[in-house]
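Values below: every heavy atom of this structure, side chains too, minus hydrogens, waters and symmetry copies. Naming convention: chains lettered A, B, ... in sequence-line order (proteins, then strands); numbering from 1 in each chain.
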There are 2 protein chains.
Amino acid sequence: MENKTAVITLSALAQESRLSIFRTLVQVGPDGMAAGKISETTGIPPSSLSFHLKEMTYANLVNSRQESRYIYYSANFKVMNELLGFLTENCCAGVPCGIESHCCDEKA
Amino acid sequence: MENKTAVITLSALAQESRLSIFRTLVQVGPDGMAAGKISETTGIPPSSLSFHLKEMTYANLVNSRQESRYIYYSANFKVMNELLGFLTENCCAGVPCGIESHCCDEKA
DNA sequence: TCCATATTTCAAGAATAATTGAAATGAAGA
DNA sequence: TCTTCATTTCAATTATTCTTGAAATATGGA
């Protein structure tokens with residue numbers, strides 16, 4: 001993952017409406033939720049929701065599929081896991097540090 | 001972690017300058033780096049850097065300590081790990097889903 | 001105290017992002 | 001085809017964030 005990609009992914013999460021949408025989709029699981037229902041659940045008006053879903057789609061944070069007249073959106077965790085890897089990359093220049101609450105804990 | 005706290009943390013990372021700063025601090029390890037050196041390394045002018053470091057401090061993403069005339073900044077991973085936990089919280093309403101590239105992988 | 005220098009604050013402008021009603025688009029059943 | 005309704009696009013406004021030089025502040029050595 002590149003720096004710019006990571007910024008796009010993070011920006012897609014760093015907004016109250018979008019974070020609510022994302023968490024709603026995480027909790028509902030892989031089948032996802034129709035746009036209208038997301039609007040209802042989160043209280044975000046359809047046009048605002050559409051704007052945010054577009055951003056999240058661009059960031060590859062959500063997947064969508066059409067089913068009859070509904071469009072179901074679901075969370076994409078692959079990208080989020082990649083993001084975490086990117087953030088901790090080359091921690092302490094690769095030398096395990098063993099300090100509590102620091103990234104290298106996980107490798108130590 | 002609360003929704004608003006998470007947005008603050010994510011916003012602190014979702015910006016090119018700040019992401020560069022953070023990654024620089026991750027790679028340099030727990031001793032951190034003096035502000036002037038960060039400015040030099042990243043090419044961000046001192047006043048811009050100060051603005052961003054303040055945001056990151058507010059988000060609790062970096063720690064700082066004074067040493068002589070220098071102020072050393074270092075990355076705080078505890079908060080980042082909390083953030084990941086928050087994002088995957090109650091995934092699939094707690095029911096392991098076993099789907100590839102989905103959050104419940106980690107628990108399954 | 002006085003100086004050198006590391007860092008922060010200030011202020012104003014520039015850039016980017018969010019909001020939402022109304023109109024347009026698209027899909028599927030009658 | 002016509003109608004219905006779920007979703008998206010448009011457009012204009014509003015809000016927020018970023019940027020940076022210059023000035024202020026803070027630290028420690030001389």
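Distance CD (A:Gln66) to P (D:dC5): 17 Å, rounded to an integer number of Å. Between A:Leu53 atom CG and D:dT7 atom C1' the separation is 10 Å, expressed in whole Å. The separation between B:Glu16 atom CD and C:dT16 atom C1' is 13 Å, rounded to whole Å. D:dT19 atom P lies 8 Å from atom CD1 of B:Ile44, rounded to whole Å. Atom-to-atom, CD of B:Gln15 to P of D:dT16 comes out at 18 Å; the value is rounded to the nearest Å.
In this structure, the separation between CD1 on B:Ile8 and CE on B:Met56 is 14.5 Å, given to the nearest 0.5 Å. With rounding to the nearest 0.5 angstrom, the OG1 atom of B:Thr41 is 10.0 Å from the CG atom of B:Leu49. To the nearest 0.5 angstrom, B:Ser17 atom OG is 4.0 Å from B:Ile44 atom CD1.
Taking a cutoff of 4.0 Å between a charged side-chain nitrogen and a carboxylate oxygen, A:Glu16 and A:Arg18 do not qualify as a salt bridge.
B:Ser47 comes within 4.0 angstrom of a nucleotide base, judged by non-hydrogen atoms across all strands. Note on B:Tyr72: nothing from the nucleic acid sits closer than 4.0 angstrom, heavy atoms only.
Applying the ring-ring contact (aromatic ring centres under 6.0 Å, His included) test to A:Phe22 and every residue at least two apart in sequence or in another chain returns A:Phe77.
A residue-by-residue look at A:Glu67 and A:Pro45 shows that A:Pro45 has its nearest nucleotide of DNA chain C further toward the 5' end. Nucleotides of DNA chain C nearest to A:Glu55 and A:Ser68 differ in position, and the one nearer the 5' end is that of A:Glu55.
Considering only the side chain of A:Tyr70, D:dA6 comes nearest among D:dT20, D:dA6, C:dT9. Nearest nucleotide to the side chain of B:Arg18, out of C:dA18, C:dT8, D:dC18: D:dC18.
Between the two ends of the helix from C:dT1-D:dA30 to C:dA30-D:dT1, each summarised by a five-pair axis, the helix axis turns through 30° (rounded to 10 degrees).
OP1 or OP2 of D:dT17 has not a single side-chain nitrogen or oxygen of B:His52 nearer than 4.0 Å. Contact check, B:Ser50 against C:dT8: a side-chain N or O comes under 4.0 Å of OP1 or OP2.
Side-chain atoms of B:Arg69 stay outside donor-acceptor range of the base of D:dA26, with no qualifying N/O pair under 3.5 Å.
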